[in-house]
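Notes follow the structure.
Numbered from 1 within each chain, the chains take letters A, B, ... in sequence-line order. From a predicted model like this one, the values you see are computed outputs, not experimental measurements.
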2 protein chains.
Amino acid sequence: MTVTIKDIASVTGVSYSTVSKALNDSPLVKEVTKRKILEVAKEMGYEPNLAAKQLVRKKTEVVGLIWPTIERIVLATLVTNITQAFKDTRYSMILSIDPMDTAMETFRKFQVDGMIIFEDDHSKVNEEITMPFVSYGVSGKKHANHPVIDANHEASMMKAVEHLVKLGHKHIAYAGLLQTKDQLQLEKYQGYKKAMKEHSLEPFIKEVETEGLDWFDGYSAVKTLLEEQERPTAIIGGSYDISGGILRALQEQNVEVPKDISLISYDNIPQMANMEIPMTCIGVPVDVLAQEIVESVLHRIEAPEKEATVKKLAPTLVERETCGKANR
Amino acid sequence: MTVTIKDIASVTGVSYSTVSKALNDSPLVKEVTKRKILEVAKEMGYEPNLAAKQLVRKKTEVVGLIWPTIERIVLATLVTNITQAFKDTRYSMILSIDPMDTAMETFRKFQVDGMIIFEDDHSKVNEEITMPFVSYGVSGKKHANHPVIDANHEASMMKAVEHLVKLGHKHIAYAGLLQTKDQLQLEKYQGYKKAMKEHSLEPFIKEVETEGLDWFDGYSAVKTLLEEQERPTAIIGGSYDISGGILRALQEQNVEVPKDISLISYDNIPQMANMEIPMTCIGVPVDVLAQEIVESVLHRIEAPEKEATVKKLAPTLVERETCGKANR
DNA sequence: TTGTAGGCGTTATCAC
DNA sequence: GTGATAACGCCTACAA
């Protein structure tokens, strides 16, 4: 049988209501008693019964995360970081990779207190959802009825360009998805163009448009690029995967990084450090992102009446070994 | 306020214990009463309170799925199918992409009734786990203390070879991970070799060893292969991703599939139908796999004393458009 | 066939 | 400070 507060009570010789208070760190119980109870509880391997707790509290202290498209590794990292961030709270998280509606059904059944939604198709996020939730990266519309956490993609790209410009680069290419309805991708591209313009530089466009966000997209885009007469001195990769492909393509063609071409990647995740050459990158650090998202849902859960905001997080540039001085 | 069985009781004019029985489809309640109660329940939007239920039942009817490495899309498909399979049961599933120990901690907290573990490193699966669980694809050791569901990889490959042989192929290459400790990969390779031997065919090895299981691994392996003098008339791709890369490499080199080279892929998932050319494939259909896994945990949960078995599922070949007659 | 009552593990509200 | 005790929503003997 599993151990309950009653068991602890009989062992410590106090009433179980006192045990309950002690376990909840109530100030209504003497320090000595509390310490002893806690000790015994640990000794007996006490594990609170969530069901009982939520039955009386009317709260599960669980939030559900809906993540319908598991492909992107960046998001996987974000999920892991979110799990981590929840560790510092009283809440737990459960995860669903099902489509929105199915996932929501599950979460309703589990009676979660709130949800986090990853979904890049904004239109699918039903504004009529009654449960507190925040969405990540769906800031397409300016006004939302729910909090949105997003990275400032434009600022990211501008920061990347500036970094390269400071290193003397003039021929800077952006390798990413250009022709798309995906707002996120468009914003990155906008940021790149804007920054180039501000520095009176010519964008280096056509040759490095990718077909997607995957490894191979970066790989083949850059392979095509290298066949051209003029090469850039620096490339900005639009995603972790794209940049991996770029790096590989460069190496296959014996282009030295960063000597011949500098490379900087979007997505600020720890894995960037483990690439064949540790990758300089730009973006909101994934742990910061996670932190913000978690804070945001919890806040929303505890103060649902508060106004919803679209929060764009500022990017950070992490210098590693793929960026160097321009050679022309 | 949410609706409870008491509310239903007062509306229908019966006691709430009768409602409870009706809701649980007990034979102790008259059909008419039952029907009416069910109807009212639906009308009122009754949703059973899991917490209350599990408090008395001492069961959560939830199983946890531990999936520490989210990369493989095949596994993602499997997870989705498992979720689906649970729909036909009273159980629900929660998912964790955390490392085993963290995930188990979470699941202990949620007091799941059992677990499904995806983990290819067998040694990490602690046999001392007290909770009922099954693992997928960890059949390295012959004897396990827990049920293991696995695909028969050897049989898969043999079936693939046989299919090609029937189409007249003699020069059959296998593109996959060869030098690895990964039991699963080794078994596939064994199966290939075994089948080739049985048909007195020469394996077509060295040139198509991949470095991993990814898209690019298939792509570059085949690119190298095509530089050789002698080409195979058929290639067996070791995974969904590998085969995708192979197909692309073939197309880039203007090799027609299946006219010039036939292609058959390991992994039997629906996505195979959506590739540039619908892909003939071999493997245990992912829905069958899911079904088996779910049945297995539930069985284990309900009859924990029963002996554990390693179950190797038989593969199915799905013919699509990448395999044709040999041209020499 | 239906209703009554006790209990599941916890929190919360009172007395003491 | 501490201890009874009543909920929370549901299930399940057992009584009617």
Side-chain angles (χ1 to χ4, degrees), chain A residues 1-42 44-62 90-92 108-113, chain B residues 1-42 44-62 90-92 108-113:
Chain A
M1 203 192 78
T2 60
V3 22
T4 75
I5 52 173
K6 288 187 185 172
D7 300 325
I8 301 178
S10 59
V11 169
T12 53
V14 297
S15 79
Y16 69 86
S17 79
T18 304
V19 174
S20 172
K21 283 169 199 151
L23 256 20
N24 288 300
D25 201 25
S26 157
L28 297 174
V29 58
K30 229 193 324 194
E31 264 308 316
V32 212
T33 332
K34 191 186 289 183
R35 198 183 311 281
K36 185 175 177 190
I37 290 174
L38 256 25
E39 190 183 317
V40 171
K42 185 168 298 175
M44 299 179 71
Y46 169 74
E47 190 82 26
N49 184 321
L50 280 205
K53 185 180 292 189
Q54 84 183 55
L55 187 56
V56 30
R57 282 233 187 119
K58 304 283 209 81
K59 301 231 308 170
T60 51
E61 294 187 340
V62 171
R90 308 200 313 287
Y91 287 72
S92 315
R108 209 166 34 79
K109 184 170 152 202
F110 276 101
Q111 288 162 126
V112 300
D113 293 339
Chain B
M1 204 193 76
T2 58
V3 22
T4 74
I5 52 172
K6 287 185 186 174
D7 301 325
I8 301 178
S10 59
V11 169
T12 50
V14 297
S15 79
Y16 65 85
S17 81
T18 304
V19 174
S20 172
K21 284 169 198 152
L23 256 21
N24 290 300
D25 200 27
S26 157
L28 298 174
V29 60
K30 232 195 318 196
E31 264 309 315
V32 213
T33 330
K34 192 186 290 184
R35 199 182 312 281
K36 185 173 180 193
I37 291 173
L38 256 24
E39 189 183 317
V40 172
K42 185 168 296 177
M44 300 178 74
Y46 169 74
E47 189 83 27
N49 183 320
L50 278 207
K53 185 179 291 188
Q54 80 185 59
L55 189 55
V56 30
R57 284 232 184 120
K58 305 286 210 76
K59 302 232 307 168
T60 51
E61 294 187 340
V62 172
R90 310 201 310 288
Y91 286 72
S92 315
R108 210 164 35 80
K109 186 171 152 202
F110 275 100
Q111 290 161 125
V112 300
D113 292 339

Round to the nearest Å and state the distance from [X] atom [atom1] to [N] atom [atom2].
X       : N      : atom1 : atom2 : result
A:Asn49 : C:dC8  : CG    : P     : 12 Å
B:Glu47 : D:dG9  : CD    : C1'   : 14 Å
B:Ile37 : D:dC11 : CD1   : P     : 13 Å
A:Arg57 : C:dT11 : CZ    : P     : 6 Å
B:Lys58 : D:dC11 : NZ    : C1'   : 13 Å
A:Leu50 : C:dT11 : CG    : P     : 10 Å
A:Lys53 : D:dG9  : NZ    : C1'   : 18 Å
A:Leu55 : D:dC10 : CG    : C1'   : 8 Å

Per the atom types in the model, does the base of C:dG3 pair as donor or acceptor with the side chain of B:Lys21 at under 3.5 Å?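 Answer is yes: a donor-acceptor pair is held.
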
Side-chain-base donor-acceptor pair under 3.5 Å for B:Ser17 and C:dT4: yes

Under 4.0 angstrom between [X] side-chain N/O and [N] OP1 or OP2:
X       : N      : answer
B:Thr33 : C:dT2  : yes
B:Tyr46 : D:dC10 : yes
A:Thr18 : D:dG3  : yes
A:Asn24 : C:dT11 : yes
B:Ser15 : C:dG3  : yes

Side chains of B:Tyr16 and B:Lys21: is there a donor and an acceptor less than 3.5 Å apart?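 No, no side-chain donor-acceptor contact under 3.5 Å.
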
Residue pair B:Ser20 / B:Ser17, side-chain donor-acceptor N/O under 3.5 Å: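 No donor-acceptor contact under 3.5 Å links the two side chains.
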
Identify, between A:Tyr16 and B:Ser20, the residue whose nearest nucleotide on DNA chain D lies closer to the 5' end. A:Tyr16

Considering only NZ, NE, NH1 and NH2 on the basic side and carboxylate oxygens on the acidic side, decide whether B:Glu47 and A:Lys109 come within less than 4.0 Å.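 Salt bridge flag = no for A:Lys109 with B:Glu47.
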
Please determine which of B:Arg90, B:Lys34, B:Arg35 meets the salt bridge (Lys or Arg N to Asp or Glu O under 4.0 Å) test together with B:Asp25. B:Lys34

Minimum heavy-atom separation for A:Asp7 and A:Thr2, please, with both atom names. OD2-O, 3.7 Å

In terms of side-chain heavy atoms of B:Val14, which of C:dG9, C:dG3, C:dC8 is nearest? C:dG3

Of B:Ala52 and B:Lys34, the one whose closest nucleotide on DNA chain C sits nearer the 5' end is B:Lys34

